[in-house]
Amino acid sequence: MTTPARVRVAPSPTGDPHVGTAYMALFDRAMADKTGGRFILRIEDTDRTRYVADSEQKIFEALKWLGLQPDEGPPEHGPGGPYGPYRQSERLPLYKQAADELVAKGRAYKCYCTSERLETLRKIQQAEKSKFVGYDGLCRNLTPEQIAANDAAGKPHVVRLKLRREGTIKVHDLFRGELSFDAAEQQDAVMLKSDGFPTYHLAMAVDDHAMKITHVIRAEEWLPSTPIHFELYRAFGWEIPVFAHMPLLRNKDKSKISKRKNPTSLLWYRDAGFLPEALRNFLGLMGFSLPNDQEIFTYQEFLQHFDLAKVNIGGPIFDLQKLHWLNGEYIRRLDDADLAARIVEQCKLLAGREAELADLPESELPQETFLKDFEQKRRRQSRILGGLAGELTARVAKQPDALLPIMPLIKERLHTLVEAADYLPMFFTGEFAFTREAFVPKKQTPEGAVQALKEARAILAAQDFAAPGAKDALDAAFRAKAEALGQKIGPFLGPVRVALTGATVSPPLVESMLVLGKAETLRRLDNALKFLGQA
RNA sequence: GGCCCCGUCAUCUAACGGUUAGGAUACGGCCCUUUCAAGGCCGCGAUACGGGUUCGAAUCCCGUCGGGGUCACCA
């Protein structure tokens, strides 16, 4: 039952690595691991007009980041393998040979129709509301003499698959079972383009066959062209692998996930401070579930329960809000050293990218409210974090565990690494642009603020920060003082918080003071008093 | 529009043909609290609709409706 599967992910290098690629790669990786098989990365670079030079490198990095490395793939980025080359542009002779074979067998033919003719044809068909839209087969029955004449005249041509005109074409899908398509509605698809490059259809079949792929796990958008693929395999006389059409990831409006409505670049998720294991977990939740309502799981746990046949094929909406929650869960489970290291890495990743991370004009911001807020915040936070890179790396270089004491204070406040920007700066600078409003919220008075600062200063000045139990002692002292003044502890510590952190929202105060040290804490209180004109 | 796929809370999903249709996110409330979080408790909230089959249907069948995908010398 579990013969080793050979599966592949086959992205085309046309831009940033896509979240859908990672989604397929996860299920590929699981299928290979579950069966003791192999996971292959094949680069489908047959479209020269859309080729982006550094895309392939990014795809590989993104898969590595997610821990979804292939077992076989282009040797420049990894393991290589016995079925190479793994880049379609390096396999051109194979496709030519395959196309020739089909023509020789009478299963394909040369077509000399111009793209102008094709376009006109399409327009007419659409205008006539014709049931059939597609190539009309004009060149299907060219005589050998006509073909020779065309070739002699140097006319460019494509090679088209010669499909049956009647009956039904049966295909099989792992999830949906047998599916029938009317042969008359299929068109003679192009196999070889006039530039000598293959189309997806030919290249996919030739390579999957040559690479001994057992399971074609791909997106549902391919379902309509599956009849062509089955007929192609049949024309060659090859064994047909199992086809499994995975659901499409969706935008909030249920349309297929797209750049304009949802972040689709894996690099975006990395930049925004999502943990690879959290994103991978989240992708695993899309269409699959573990027993006992378990939502947070390691790859090993996922694998333990994985069964390709149990995938839920209703198209899941990619809910960034839930990923945000899940990422927070993962961050909270990180130990302090790990979290600190990841924050430092994130800082380095973002350093020097201020221009790229500038605020977006309203018109370029996403429409959806959560995403819009997230993107605005994330850009601001990214700039702050990037700016901290130098200071952080310097401190860690001097003292490797310098950040450790801070981690417990911020860990449970983070949902992404980038959100550390909201809490970290106060530990590295005491120079704040104070405003009077911050010190004096509604219902409070300037005198009250000054008094609170002075009282707090007195308590702190009398306390040995290094003493055991310093935290509890300070807690108690602040509490007692607030009570003595007839105040609640919250409002009492308000001005102190602003003095110490420059913000009205911060990590817990007393713990923060202990991290800062007595001298720095007192200095900041004095600065604040000076600002309020009460030094 | 033709063809194809899909249809359980707003979202991700669970439920041998027999459950008060479960969990999670989000949202609301309460508790905890030093701000913000985190955490705890409670609440809101779904089997698209109509027919069958069956003692019994979210589950099987048909239809309707809805959503999506696809109709390139792109993948």
Side-chain angles (χ1 to χ4, degrees), chain A residues 10-12 14 44-47 49-50 111 113-115 118-119 122 125-126 129-135 156-160 171 173 175-176 179-182 185-187 189-195 197-201 203-204 218-227 245 247-248 250 252-256 282 285-296 312-326 328-329 332 370 410-415 419 422-423 475 478-479 482 488-494 496-498 501 503-511:
Chain A
S12 44
T14 54
E44 307 230 332
D45 57 347
T46 58
D47 184 350
T49 61
R50 294 204 304 158
C111 168
C113 292
T114 62
S115 37
L118 263 24
E119 199 170 321
R122 199 157 37 233
Q125 288 168 337
Q126 279 161 1
K129 296 200 163 110
S130 163
K131 258 188 79 173
F132 177 81
V133 178
Y135 184 60
H157 69 269
V158 302
V159 174
R160 287 182 185 273
V171 305
D173 175 86
F175 308 121
R176 290 159 262 254
L179 265 21
S180 293
F181 294 81
D182 188 346
E185 281 161 3
Q186 303 298 321
Q187 70 163 331
V190 173
M191 298 288 110
L192 216 52
K193 303 184 242 180
S194 56
D195 64 2
F197 278 66
T199 59
Y200 169 83
H201 309 300
M204 179 233 42
R218 58 170 16 171
E220 189 183 346
E221 57 187 324
W222 291 108
L223 209 46
S225 52
T226 305
H245 290 95
L248 251 16
R250 317 288 190 102
K252 261 216 156 74
D253 65 4
K254 293 187 188 286
S255 59
K256 135 173 123 173
F282 184 69
L285 246 20
M286 304 280 92
F288 199 76
S289 62
L290 269 57
N292 304 319
D293 298 315
Q294 185 179 357
E295 292 201 294
I296 301 176
N312 188 327
I313 58 174
I317 287 166
F318 191 97
D319 184 0
L320 190 66
Q321 216 166 146
K322 184 151 181 174
L323 173 60
H324 190 243
W325 161 78
L326 186 64
E329 291 286 328
R332 269 169 253 136
F370 179 82
I410 68 172
K411 190 186 282 181
E412 69 193 23
R413 278 156 246 273
L414 302 182
H415 299 89
E419 286 168 11
D422 287 348
Y423 307 107
D475 274 339
F478 285 139
R479 230 168 265 283
K488 290 202 165 183
I489 184 77
F492 173 71
L493 286 177
V496 180
R497 187 182 307 282
V498 174
T501 70
T504 53
V505 174
S506 80
L509 266 189
V510 174
E511 284 99 318

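Throughout, protein chains are lettered first and strands after them, A, B, ... in sequence-line order, and every chain is numbered starting at 1.
Between A:Arg332 and A:Glu329, at least one side-chain nitrogen of the basic residue sits less than 4.0 Å from a carboxylate oxygen of the acidic one, meeting the salt-bridge criterion. Note on A:Arg413 versus A:Glu419: no salt bridge recorded, every NZ/NE/NH1/NH2 to OD/OE distance being 4.0 Å or above.
Both distances falling under 3.5 Å, in either a Watson-Crick or a G-U wobble arrangement, occur for no nucleotide opposite B:C44. In a base pair of the Watson-Crick type (N1 to N3 plus N6-O4 or O6-N4) or a G-U wobble (N1-O2 and O6-N3), with each distance short of 3.5 Å, B:A24 is matched with B:U11. In this structure, B:C71 forms a base pair with B:G1, meeting either the Watson-Crick or the G-U wobble geometry with both donor-acceptor distances under 3.5 Å. For B:G66, the paired nucleotide is B:C6, the pair qualifying as Watson-Crick or G-U wobble because both relevant distances are below 3.5 Å.
The nearest whole Å value for the distance from the CD atom in A:Glu220 to the C1' atom in B:G69 is 6 Å.
Among the atoms of the strands shown, only primed sugar atoms or phosphate atoms (P, OP1, OP2) are found under 4.0 Å from some heavy atom of A:Thr46. At the heavy-atom level, A:Ser255 lies under 4.0 Å from the strands shown only through sugar-phosphate atoms. Nucleic acid contact for A:Ser506: base, since at least one base atom lies under 4.0 Å from a heavy atom of the residue. Using a 4.0 Å heavy-atom cutoff across all strands shown, A:Phe181 reaches sugar-phosphate atoms only and no base atom. Here A:Met286 lies in heavy-atom contact (under 4.0 Å) with sugar-phosphate atoms only. Residue A:Pro227 is classed as having no contact, given no heavy-atom separation below 4.0 Å to the nucleic acid. Within the nucleic acid shown, A:His415 comes within 4.0 Å of sugar-phosphate atoms alone, with no base atom in reach, counting heavy atoms only. Contacts of A:Pro316 with the nucleic acid, taken as non-hydrogen atoms under 4.0 Å apart, involve only primed sugar atoms and P, OP1 or OP2. Looking at heavy-atom distances under 4.0 Å, A:Gly287 makes contact with sugar-phosphate atoms alone, never a base. Residue contacts shown for A:Leu323 are absent, as no nucleic acid heavy atom lies under 4.0 Å away.
The aromatic rings of A:Phe492 and A:Phe478 sit tilted relative to each other, their planes meeting at an angle between 30° and 60°.
Minimum atom distance to the side chain of A:Glu329 is reached by B:G39, of the listed B:A38, B:G39, B:A14. Picking from B:C71, B:G69, B:U13 the nucleotide with the shortest atom distance to the side chain of A:Gln187 gives B:C71. Set against B:C5, B:A26, B:U35, the side chain of A:Trp325 has B:A26 as its closest nucleotide. In this structure, the nucleotide among B:C12, B:A75, B:A14 sitting nearest to the side chain of A:Asn312 is B:A14. Which of B:U25, B:A37, B:U34 sits closest to the side chain of A:Glu412 comes down to B:A37. Comparing B:A38, B:C73, B:G69 against the side chain of A:Glu221 picks out B:G69 as the nearest. With distances taken from any side-chain atom of A:Lys322 to the nucleotides B:G68, B:C5, B:C12, the minimum falls on B:C12. Checking B:C73, B:U35, B:A75 against the side-chain heavy atoms of A:Val505 singles out B:U35 as nearest.
Counting atom types as modelled, A:Lys252 pairs no side-chain N or O with a base atom of B:A10 as donor and acceptor under 3.5 Å. For A:Ser194 against B:C73, a side-chain N or O and a base N or O form a donor-acceptor pair under 3.5 Å. Interface remark: the A:Arg497 side chain does form a donor-acceptor pair with the B:U34 base, using a distance-only criterion of under 3.5 Å.
Dashed line: the shortest gap from a side-chain N or O of A:Lys256 to OP1 or OP2 of B:U70 is under 4.0 Å. Side-chain nitrogen and oxygen atoms of A:Arg122 include at least one within less than 4.0 Å of the OP1 or OP2 phosphate oxygen of B:A72. Contact between the side-chain N/O atoms of A:His201 and the OP1/OP2 oxygens of B:C73 is not found at any separation under 4.0 Å. Contact annotation: A:Arg250 does not reach the phosphate of B:C12 (side-chain N/O to OP1 or OP2, under 4.0 Å). One finds a side-chain N or O of A:Arg160 lying less than 4.0 angstrom from the OP1 or OP2 phosphate oxygen of B:C73. Listed pair A:Lys254 / B:G69 fails the phosphate criterion, with no side-chain N or O lying under 4.0 Å from OP1 or OP2. Residue A:Ser289 places at least one side-chain N or O under 4.0 Å from the OP1 or OP2 atom of B:A14.
Side-chain atoms of A:Gln187 never come within 3.5 Å of backbone atoms of A:Ala189 as a donor-acceptor pair (strictly under, hydrogens ignored).
A:Arg176 and A:His245 are not linked by any side-chain donor-acceptor pair at a separation below 3.5 angstrom, with hydrogens and angles left out of the test.
Because its NZ or CZ atom is both nearer than 6.0 Å to the ring centre of A:Tyr135 and within 45° of the ring axis, A:Arg160 counts as a cation-pi partner of that residue.
Side-chain atoms of A:Thr199 and A:Thr46, non-hydrogen and from C-beta on, never get closer than 4.5 Å to each other.
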